[in-house]
2 protein chains.
Amino acid sequence: MRPKRLDSKSGCAVEVTLSVIGGLWKPVILFHLMHEKKRFMELTRLLPNTTQRMLTLQLRELEADGIVARHVYPQVPPKVEYELTPFGKTLAPVLISLRQWGESYQAQRASDIAPIQEVSKPTTTRRRRTNTAGHVA
Amino acid sequence: MRPKRLDSKSGCAVEVTLSVIGGLWKPVILFHLMHEKKRFMELTRLLPNTTQRMLTLQLRELEADGIVARHVYPQVPPKVEYELTPFGKTLAPVLISLRQWGESYQAQRASDIAPIQEVSKPTTTRRRRTNTAGHVA
DNA sequence: CAGAATCCCGTAAGATACTG
DNA sequence: CAGTATCTTACGGGATTCTG
């Protein structure tokens, strides 16, 4: 998805937003943090298909983007909590918008008897986003 | 980006939308097609930093997702036009939402004197999304 | 003009092990 | 518990060439 790294050229600020929320696990992370703060281990459980590494990386990016705040409690055992910043919370309507369209897309997909599948068939086998291997959550 | 391939698990339809519009060039393509239909060569000119290959691939995916329609005029030289389907046009508010937040993000970024940069410094050198190499449009 | 076919490469991301 | 460190692999994407 990923969306890869984008910059703000092409005169379209859409890409900027996508570069922030478009990470592979970020939508899900944000989705969970939207409701309440979570600590690291909770997130790993909420995203069983990712690795700690990925989770850390994505959280660090979100932190660097000013979306989430990271609170370290100097305890033993350590405790770290992540929560949305006020600015991060301004993403809510965007996420909701995305979510709604996603649902309408699913409805649309469910209703048609897959007539669109065979349009202008390519030579390479068309992989729909029905993933088999579970590298995705 | 990319966004990569996502499926609809994790109970979050946001990913579905991102899997549709999250392609590396899709936002820009959609942005241009939002206004009017374009033919292939026009799009290559509008996206100077991509290749025909990428453009074709992205367009094919959008087509398979029912977002764009592909009209082939059996002429010589050939002529192919792409336009949004009615369903594709329902993406407009989503794109606008994304665009607006992207702008507010840029404003936010511009206003702070980069104090967020050094939070919880990692060992690996933090690469911000300030791309140097121009594989991005 | 609108692609398809090939070749090639960098990096995102998975798996695993280790640590304060 | 909350991460790093390291290795490895897959595949997204670039460049180039060929064709109806």
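Numbers restart at 1 for each chain; the letters A, B, ... are given by sequence-line order, proteins then strands.
As a whole-Å value, the separation of A:Leu57 CG from C:dG14 C1' is 12 Å. With rounding to whole Å, A:Arg53 atom CZ is found 14 Å from D:dT8 atom P. Note: CE (B:Met54) to P (D:dG12) measures 9 Å, nearest angstrom. Going from atom CG of A:Leu47 over to atom P of D:dG3 covers 14 Å, rounded to whole Å. The CD atom of B:Gln58 sits 17 Å away from the P atom of D:dC11 (whole-angstrom rounding). Note: CD (A:Glu61) to P (C:dA12) measures 9 Å, nearest angstrom. Counting to the nearest Å, the P atom of D:dG14 and the CG atom of B:Leu24 are 6 Å from each other. Note: CH2 (A:Trp25) to C1' (C:dA12) measures 12 Å, nearest angstrom.
Hydrophobic cluster membership differs between A:Leu18 and B:Ile96, with clusters built from Ile, Leu, Val, Met, Phe, Trp and Tyr side chains linked at under 4.5 angstrom. Under a hydrophobic-cluster definition in which Ile, Leu, Val, Met, Phe, Trp and Tyr are linked whenever side-chain heavy atoms come within less than 4.5 Å, directly or via other members, A:Ile29 and A:Val72 are assigned to the same cluster. Placement of A:Met41 and A:Val80 in two distinct hydrophobic clusters is found when ILVMFWY residues are connected by side-chain heavy-atom separations under 4.5 Å, directly or transitively.
At the heavy-atom level, A:Tyr73 lies nowhere under 4.0 Å from the strands shown.
When the options B:Gln100, B:Arg99, B:Gln106 are evaluated for a side chain to side chain donor-acceptor pair (under 3.5 Å) with B:Glu103, the one that passes is B:Arg99.
Taking 4.0 angstrom as the limit, A:Arg70 places a side-chain polar atom (N or O) nearer than this to OP1 or OP2 of D:dG3. Taking 4.0 angstrom as the limit, A:Arg60 places a side-chain polar atom (N or O) nearer than this to OP1 or OP2 of D:dG3.
Here D:dA2 is the nucleotide among C:dA15, C:dC1, D:dA2 with the atom lying nearest to any side-chain atom of A:Lys79. In this structure, of D:dC1, D:dA15, D:dA5, it is D:dC1 that holds the atom nearest to the side chain of A:Pro77. Nearest to the side-chain atoms of A:Gln52 among the listed nucleotides C:dG14, D:dG13, C:dA17 stands C:dA17.
Looking at which nucleotide of DNA chain D each of B:Thr51 and A:Glu81 is closest to, the 5′-most match is held by A:Glu81.
Contacts between residues 34-42 of chain A and DNA chain C, defined by a heavy-atom separation under 4.0 Å, are absent.
Residues B:Lys26 and B:Ile67 fail the side-chain proximity criterion, which asks for heavy atoms closer than 4.5 Å.
Here B:Glu42 pairs with nothing under the side-chain hydrogen bond (donor to acceptor under 3.5 Å, both in side chains) rule; sequence neighbours left out.
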Test log, rule side chain to side chain contact (heavy atoms under 4.5 Å, CB included), inputs A:Leu98 and B:Leu98:
CA-CA 9 Å; A:Leu98 287 170; B:Leu98 287 170; 4.3 Å; yes
